[in-house]
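Step one of this worksheet: look at the structure below.
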Amino acid sequence: MKDDVEMHSNLVCSLPVVSVCHLSLHLTDIVTTLLVSVTETLIRKRAEHNELEISTLEEVSLHQQDIEKIEHIDRWCRDLKILYLQSNLIPTIENVSKLKKLEYLNLALNNVERIENLEGCESLQKLDLTVNFVGELTSIESLKGNYNLRELFLTGNPCTEFEGYRDFVIATLPQLKWLDGIEIDKSERIKAVQELNVIRPKILDQEKQHRKKRVKQKEDAERKKKGEENPGFDGRWYTDINEGDKKEGNNKGDDFNLDAEKEFWDEKVPFTPESRREVHDHMQEVRRRDEEKNKKEEKKPRALFAPDGRPYNVNEPGVDFTLTDDEEGNMMVLDVACFKHMDTSLLDCDVQTNYVRVLMKGKVLQLCLSEDVNPDSSTAQRSQITGHLVVKMPKTKQIITANKPKRTSNKENCPDPQLKDRKQQSGPVLLEVDEAAKKCVDIGNIVKDKPEKTVPPLGYSNRRDIPVPPNSDDFVDDPDVPPLV
């Protein structure tokens, strides 16, 4: 790496001053890229099942870690038997020849173009190079010394499109039992060995054509990269002076340009290591933008209160709720339709005098109350069947209501014994008036000399009992006829 840095430094000195900035940035990107490699911390993190010990580790999974170079594994994990390195950016197989006990190596979905440096893996039984860029098919001859090799996967590589590919691999590696998931039978092997001398020249010619194709692909990728670094130049015979303004306009601001994103994914490009690296860099840039956007959103405080202190109505989780005024109970009742299977530990309820706030997985549901409530007397309960959260908040303003008299159905519970005796009497009950309560004039004692015959008061009439005549002989008592009034 130091030699590369010195080479680029000498190149910078020989170029004009205008190009120094661009080249220095490119050099920084190269150095940053090379730093993405296997580290001890990464391996120990993946060795949780082995109590973080890597010297006795037999299996490690390092997939989807953006690894670009295999290193240190052959020195730190000598007893390794299974190594997963799929879905990375590894261009070369290296630093694994000292793993004598390695039985399975998975390098699928990488940028490998040649099979090499596996002669020292004596115990290797299975090699997976699915969806790589192996175009030099004759490089499989380096696996002749791996006499334990039984399975080989090359599906998705350019070499699989060569004429005579399968027969060449079967004849070159007689120890194989399976190729691309298909078992090799004896008749197929005999036929492949017989035609090896005819197939090998064809394979060499196709490899030569593939190398020419790769050189052109690399030149196109380099030209495209220069066109992106120098706005207005894309390798064509003319120059669009407005191209740079368009790109600059698309990249202005922090908002992600959906049109540029759609254009990137709709662009048809050849399947090459360069295009895969370009996709990886683009996804890294999108991830970086999303992280920066999330950080900015996290830094912004949530607007839960107005400048004058009045609480806002906020429903970040978007749940259904009902806030009712219970006049009989003199309280405010909030019913929140929480997620049924959400754990209650993820809920937090806060009741204040003029608002109530429910926190659900960090999202706020805040409601302003029309009347003041008493937070100390409030209660919150959650249903185990529906998952709803019910918050009862008594109002601070109490309503005074008259007590209704109690009705007693049992006559023996009457507290007044005189009244009890009166109710037991038959006939009408007369009211007794206390003599001290008489405040009106006694008209009966106005005249001292009373006549022998007392004159009744005005409007008094003597009641006479009128005799009821007997019924006639032909009288019929019909119950359907109403009585006479």
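The residues of the chain are indexed from 1 along the displayed sequence.
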For Glu103 and Arg150: C-alpha separation, side-chain torsions, deciding distance, then whether salt bridge (Lys or Arg N to Asp or Glu O under 4.0 Å) applies. CA-CA 10 Å; Glu103 299 177 358; Arg150 295 293 180 267; over 6 Å; no

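- Annotation: side chain of Arg214 is in contact with side chain of Pro273 (closest heavy-atom distance under 4.5 Å).
- Across every non-hydrogen atom of Met360 and Leu347, the tightest pair is CG-CD2, 3.4 Å.
- No side-chain donor-acceptor contact under 3.5 Å links Asp281 to the backbone of Glu278.
- Checked for salt-bridge contact, Asp290 and Lys293 miss the test: no charged N lies under 4.0 Å from a carboxylate O.
- Residues Tyr355 and Cys368 approach most closely at CB-CA, 4.3 Å, considering heavy atoms.
- Of all heavy-atom pairs between Ile115 and Ile93, the closest is CA-CD1, 4.4 Å.
- Side-chain atoms of Thr160 and Thr155, non-hydrogen and from C-beta on, never get closer than 4.5 Å to each other.
- Remark: Asp343 CG is packed, more than 12 non-hydrogen atoms of other residues, nucleotides or ligands lying under 6.0 Å away.
- The 12-atom threshold is not exceeded at NZ of Lys81, counting heavy atoms of other residues, nucleotides or ligands nearer than 6.0 Å.
- Counting heavy atoms from C-beta on, the side chains of Thr130 and Leu109 never come closer than 4.5 Å.
- A donor-acceptor pair is defined here as one N or O able to donate and one able to accept, closer than 3.5 Å; no such pair exists between the side chain of Asp348 and the backbone of Leu359.
- Side-chain atoms of Ile70 and Leu85, non-hydrogen and from C-beta on, do get closer than 4.5 Å to each other.
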Decide side chain to side chain contact (heavy atoms under 4.5 Å, CB included) for Asn106 and Leu83; before the verdict, give the C-alpha distance in whole Å, the side-chain angles of both, and the deciding distance to 0.1 Å. CA-CA 6 Å; Asn106 192 332; Leu83 178 58; over 6 Å; no

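- Contact detail for Met342 and Arg382: the closest heavy-atom pair is O-NH1, 2.8 Å.
- Gln352 and Asp350 share a donor-acceptor pair across their side chains, judged by distance under 3.5 Å alone.
- Pairs passing the side-chain hydrogen bond (donor to acceptor under 3.5 Å, both in side chains) check and including a residue from residues 86-100, sequence neighbours excluded, do not occur.
- Two residues are said to be in side-chain contact when any heavy atoms from C-beta on lie closer than 4.5 Å; Leu127 and Glu151 fail this criterion.
- In this structure, a donor-acceptor pair under 3.5 Å is absent between the side chains of Arg46 and Ser61.
- When every heavy atom of Ser55 is checked against every heavy atom of Asp79, the shortest pair comes out as O-OD2, 3.7 Å.
- Side chains of Glu59 and His49: a donor-acceptor N/O pair is absent below 3.5 angstrom, by distance only.
- In this structure the side chain of Glu113 never reaches within 4.5 angstrom of the side chain of Val134, judged on heavy atoms.
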Would Arg288 and Glu292 satisfy salt bridge (Lys or Arg N to Asp or Glu O under 4.0 Å), going step by step from the backbone distance to the final call? CA-CA 6 Å; Arg288 183 187 63 81; Glu292 291 179 355; 2.6 Å; yes

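- Using a 4.5 Å heavy-atom cutoff, the side chains of Leu369 and Leu323 are in contact.
- Salt bridge annotation for Glu53-Arg44: absent, with no cationic side-chain nitrogen under 4.0 angstrom from a carboxylate oxygen.
- Contact annotation: the side chain of Asn111 never approaches that of Ile90 to less than 4.5 Å [non-hydrogen atoms, C-beta and beyond].
- Within the structure, no pair that satisfies the ring-ring contact (aromatic ring centres under 6.0 Å, His included) test touches residues 309-329, not counting sequence neighbours.
- The 12-atom threshold is not exceeded at CD of Glu328, counting heavy atoms of other residues, nucleotides or ligands nearer than 6.0 Å.
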In sequence, state the C-alpha distance, the side-chain angles, and the governing distance for Arg287 and Glu291, and then conclude on salt bridge (Lys or Arg N to Asp or Glu O under 4.0 Å). CA-CA 6 Å; Arg287 192 179 296 112; Glu291 290 178 356; 5.6 Å; no

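- A side-chain donor-acceptor contact under 3.5 Å links Arg276 to the backbone of Asn110.
- Taking the charged nitrogens against the carboxylate oxygens, Glu68 and Arg277 do have a contact shorter than 4.0 Å, which makes a salt bridge.
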Can you give the donor-acceptor pairs under 3.5 Å from side chains of residues 388-397 to other protein atoms, not counting sequence neighbours?
from, atom 1, to, atom 2, distance (Å)
His388, ND1, Asp335, OD1, 3.2
Lys395, NZ, Asp325, OD1, 2.5
Lys395, NZ, Asp325, OD2, 3.0
Lys395, NZ, Glu371, OE2, 3.4
Thr396, OG1, Asp372, O, 3.4

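- Across all their heavy atoms, Phe271 and Asn132 have their closest contact at CE2-O, 4.4 Å.
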